[in-house]
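Below is one structure, written out as structure tokens, with a few remarks after it.
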Amino acid sequence: QVQLVESGGGLVQAGGSLRLYCAASGRTFSFYAMGWFRQAPGKEREFVAAISWSGGSTYYADSVKGRFTISRGNAKNTVYLQMYSLKPEDTALYYCAAVQRGGLPLPKYSNEYDYWGQGTQVTVSS
């Protein structure tokens, strides 16, 4: 069984920064893509960013492009989401996701991912 655990969420003022972290454990992947999604109360789950198994390819939602950066740690079962210039509309529960996939294009839809974390809350005040 694969487990994903996120951390790093919190409460920040608009314009502030946060760095989210996700680690996979419980099963060794030969290769896999990882991504971040977010969901605010009463709204649909939204794609945020994705990264290839090698870390060499990334893709971002237009709403976060230029402000967020997804990256993989030296251990490829880890992924980060560095968030700058946070806005109140970034407030949501952020989920880490993973899927065994080594090709392109990167997966951008929830149903393309097989494993999910429990979520970490990001709240941005006005």
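Just so we're clear, the structure is a prediction, and the values are computed from it rather than from any experiment. Just so it is clear, the values below take in all heavy atoms, side chains as well, and ignore hydrogens, waters and symmetry mates.
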Worksheet, complete the sentence: Closest non-hydrogen contact found for Ala92 with Ala40 is CB-N, 3.9 Å
Discussion item. Suppose we call two aromatic rings close when their centres sit under 6.0 Å apart. Are Tyr113 and Phe37 close by that rule?
Written reply: yes
Discussion item. Determine whether a donor-acceptor pair (N or O, by modelled atom type, separation under 3.5 Å) exists between the side chain of Thr120 and the backbone of Glu6.
Written reply: no
Worksheet item: Could you go step by step and tell me if Cys96 and Trp116 meet the side-chain contact (heavy atoms from CB on, under 4.5 Å) rule?
Response: CA-CA 6 Å; Cys96 176; Trp116 294 83; over 6 Å; no
Fill in: Lys43 atom NZ, over 12 foreign heavy atoms within 6.0 Å
no
Discussion item. Can you tell me how far apart OG (Ser71) and CZ (Arg19) are? Round to the nearest 0.5 Å.
Written reply: 5.0 Å
Fill in: Shortest non-hydrogen contact between Pro107 and Glu112, atoms and distance
CA-OE1, 3.5 Å
Discussion item. Quick one, Tyr32 with Asn77, criterion side-chain contact (heavy atoms from CB on, under 4.5 Å). Give me CA distance, side-chain angles, the key distance, then yes/no.
Written reply: CA-CA 9 Å; Tyr32 56 98; Asn77 63 337; 3.0 Å; yes
Worksheet item: CD/Glu46 to OG/Ser110 distance, rounded to the nearest 0.5 angstrom?
Response: 10.5 Å
Worksheet item: If you round to the nearest 0.5 Å, how far is CG of Leu81 from CE of Met34?
Response: 11.5 Å
Worksheet, complete the sentence: Nearest heavy-atom contact between Trp53 and Arg72 is CA-NH1, 3.2 Å
Item to complete: Would you confirm whether Ser52, through its side chain, and Ser57, through its main-chain N or O, come within 3.5 Å as a donor-acceptor pair?
Response: yes
Discussion item. Any non-hydrogen side-chain atom of Asp114 less than 4.5 Å from a side-chain atom of Val2?
Written reply: no
Worksheet entry | Heavy-atom closest pair, residues Gly8 and Leu18 | O-CD2, 3.8 Å
Discussion item. Hydrophobic clustering (ILVMFWY, side-chain heavy atoms < 4.5 Å, transitive) - are Tyr115 and Tyr109 grouped together?
Written reply: no
Worksheet, complete the sentence: CG of Leu20 to CZ of Phe68, rounded to nearest 0.5 Å, is 8.0 Å
Item to complete: With sequence neighbours left out, write down each residue that passes ring-ring contact (aromatic ring centres under 6.0 Å, His included) with Tyr21, or none if nothing qualifies.
Response: Tyr80
Practice prompt. If a pair satisfies side chain to side chain donor-acceptor pair (under 3.5 Å) and one of its residues is in residues 88-98, list it, with sequence neighbours excluded.
Written response: Arg38-Asp90, Arg38-Tyr94, Arg67-Asp90
Discussion item. So which atom in Ala24 and which in Leu4 form the shortest heavy-atom distance, rounded to 0.1 Å?
Written reply: CB-CD2, 3.3 Å
Practice prompt. For the pair Tyr60 (side chain) and Ile70 (backbone), establish whether a donor and an acceptor sit closer than 3.5 Å, ignoring hydrogens and angles.
Written response: yes
Worksheet entry | Atom of Gln82, atom of Ser17 and distance for their closest heavy-atom approach | NE2-CB, 4.2 Å
